[in-house]
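Here the structure is laid out as structure tokens; the discussion comes afterwards.
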Amino acid sequence: MKSIDTIYIDGAFVTPHGTELFDLHNPATGQVIGTVRLGDELDTRAAIAAAKRAFPAFSRTSKEERIAVLNRLADAVEARSADLIEATIEEYGAPVSRSAWTSAYAVAVFRLAAQTLENYDFTRQIGTARVTMEPLGVVGLITPWNANAGFICGKLAMVIASGSTCVIKPSEMSAIQTSIVLEALHAAGVPKGVFNVVNGRGDVVGAELSASPDVAKISFTGSTVTGRAILRAAAETMKRVTLELGGKSPMVILDDADFAEAIPFALMAGFANSGQACIAGTRILVPASRLAEFETAIEAAVAGIKSGDPRDPATAIGPMVSQRQWDRVQSYIRKGAEEGATLLAGGEGLPEGEAGGWFVRPTVFTKVRNDMTIARDEIFGPVLTIIPYADDEQAIEIANDTVYGLHAYVAGKDDIRARAVADRLVAGRVIVNGAPMEPMAPFGGFKQSGIGRENGVFGLEAYLEPKAVMG
Ligand code: NAD
């Protein structure tokens, strides 16, 4: 049993004023593996005050000093990789390969931010004006449980690069992972108060950050519902916001696609991070003329996907993060059947051979209409829908017929045609034919997938405000 009973304020691990204890679970067994003592409004205010005190000095540090801090942070998190991988498997249930990837990502984001900073010019001349890009002040970073270390480190990296200071409120469900990240960040020797971490509930610590007049910006990743609440609260004090919210991303399979390549691409896009990914490609658009062929091939491919013990290297899909998330995914599978979609693979209940834990059967529905609930709502689990279409025009229309616009995928033999389809999709990012992610490219969504962009120069500028001086 792990007991996490401190938060981090002004460069020190301190006992929170809040006294509520929150249980932490191993999703692969459903067992309680620890507790975290949650901070409250007073703790949040103390953390904000520390960040506010640290801002004047930190905002005046040079680019070189901040690059050095970022590199120290990368080294410090890298030194704890093994512990972080273990905690990500234990507390989140991510399969081994995914845990390794997210831990490496948490290191890479600091190095990428250092690189962005290296090449960034904070001053430019516009006519007679000298325009400088100024850091914002205290930033509130609110992160979810589906890539805890990556989100904390990614957002913190840009805060540091910009010269701002911050209070981080990680997901209360990820406290063991957070404690390891935090020990690493502490070891990097960052000036005290530059970052502060308060474990706590969203409607307590998160709400206090969103309302505080001393917080200049909120950067949030999580659900659209919570994003809306933050945006409303932030309006009161005119806070800047970056909101990375949900998605219901289309995977457009063109009629010239080679299914031997397109299906692994679709399954990777749909089932990555056990389906608990905002960028998941959950609506697979398939040409009606090749539907039967696609169904046969994807059914066979899904039969070879293991959902189960995250420590088994053969496992591709680990458990859902919580009982609540498991129930939610089950209810959507039920709803899909009720609304008349055809179940092609998976279904309700545990995968064969699993007795405990929050495991889900990799599930694919076919002959889905885009107005069905399972094609509208973000499910956040390994549940995919196949939606047939008549021609490219209709595929594009269906792909864009969603309140979201975070991500999209296109598969087709003719690259030029596939890219032409990609150009017409309303999404912050489109991946054509399994191309690798570009980490420096902007990340974020259109429509209800959020506001603003993260990563690279766009991500850095989201923490800066232009100031023009004339004369
Ligand atoms: P959530 O949006 O409720 O939680 C994300 C973070 O926001 C957590 O740190 C939480 O404590 C905090 N929060 C909650 N209420 C808040 C409030 N009123 N003010 C400020 N902060 C608040 O997400 P969840 O409940 O963990 O998951 C629910 C659904 O959200 C999932 O099923 C999924 O659809 C979606 N989700 C999306 C992402 C993503 O990457 N886009 C990540 C996690 C969850």
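Counting starts at 1 for both ligands and their atoms, in listed order.
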Chi angles and distances behind the side chain to side chain contact (heavy atoms under 4.5 Å, CB included) call for Thr116, Met440: CA-CA 8 Å; Thr116 304; Met440 290 297 218; 3.4 Å; yes
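Under the 6.0 Å cut-off for aromatic ring centres, Tyr8 and Phe195 qualify, their centroids lying closer than that.
Here the rule is salt bridge (Lys or Arg N to Asp or Glu O under 4.0 Å) with Asp214, and of Arg53, Lys52, Arg45 only Lys52 fits it.
Here the CD1-CD distance, from Ile152 to Gln177, works out to 8.5 Å after rounding to the nearest 0.5 Å.
Under the 30°/60° scheme for interplanar angles, the aromatic rings of Phe265 and Tyr409 are found to stand perpendicular.
The stretch residues 139-175 participates, sequence neighbours left out, in these ring pair (Phe, Tyr, Trp, His ring centres under 6.0 Å) pairs: Trp145-Phe380.
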What are the polar N/O contacts of ligand 1 with the protein below 3.5 Å, with distances?
unit_1	atom_1	unit_2	atom_2	d
ligand 1	2 (O)	Ser223	N	2.8
ligand 1	2 (O)	Ser223	OG	2.7
ligand 1	2 (O)	Thr226	OG1	3.0
ligand 1	3 (O)	Thr226	OG1	3.2
ligand 1	9 (O)	Thr143	O	2.8
ligand 1	9 (O)	Lys169	NZ	3.1
ligand 1	11 (O)	Lys169	NZ	2.9
ligand 1	11 (O)	Glu172	OE1	2.9
ligand 1	11 (O)	Gly202	N	3.3
ligand 1	19 (N)	Gly202	O	3.3
ligand 1	26 (O)	Trp145	NE1	2.4
ligand 1	32 (O)	Gln325	OE1	3.4
ligand 1	32 (O)	Gln325	NE2	3.2
ligand 1	32 (O)	Arg328	NE	3.1
ligand 1	34 (O)	Arg328	NH2	3.4
ligand 1	34 (O)	Glu378	OE1	2.9
ligand 1	40 (O)	Asn146	ND2	3.4
ligand 1	41 (N)	Gly222	O	3.3
ligand 1	41 (N)	Leu245	O	2.9

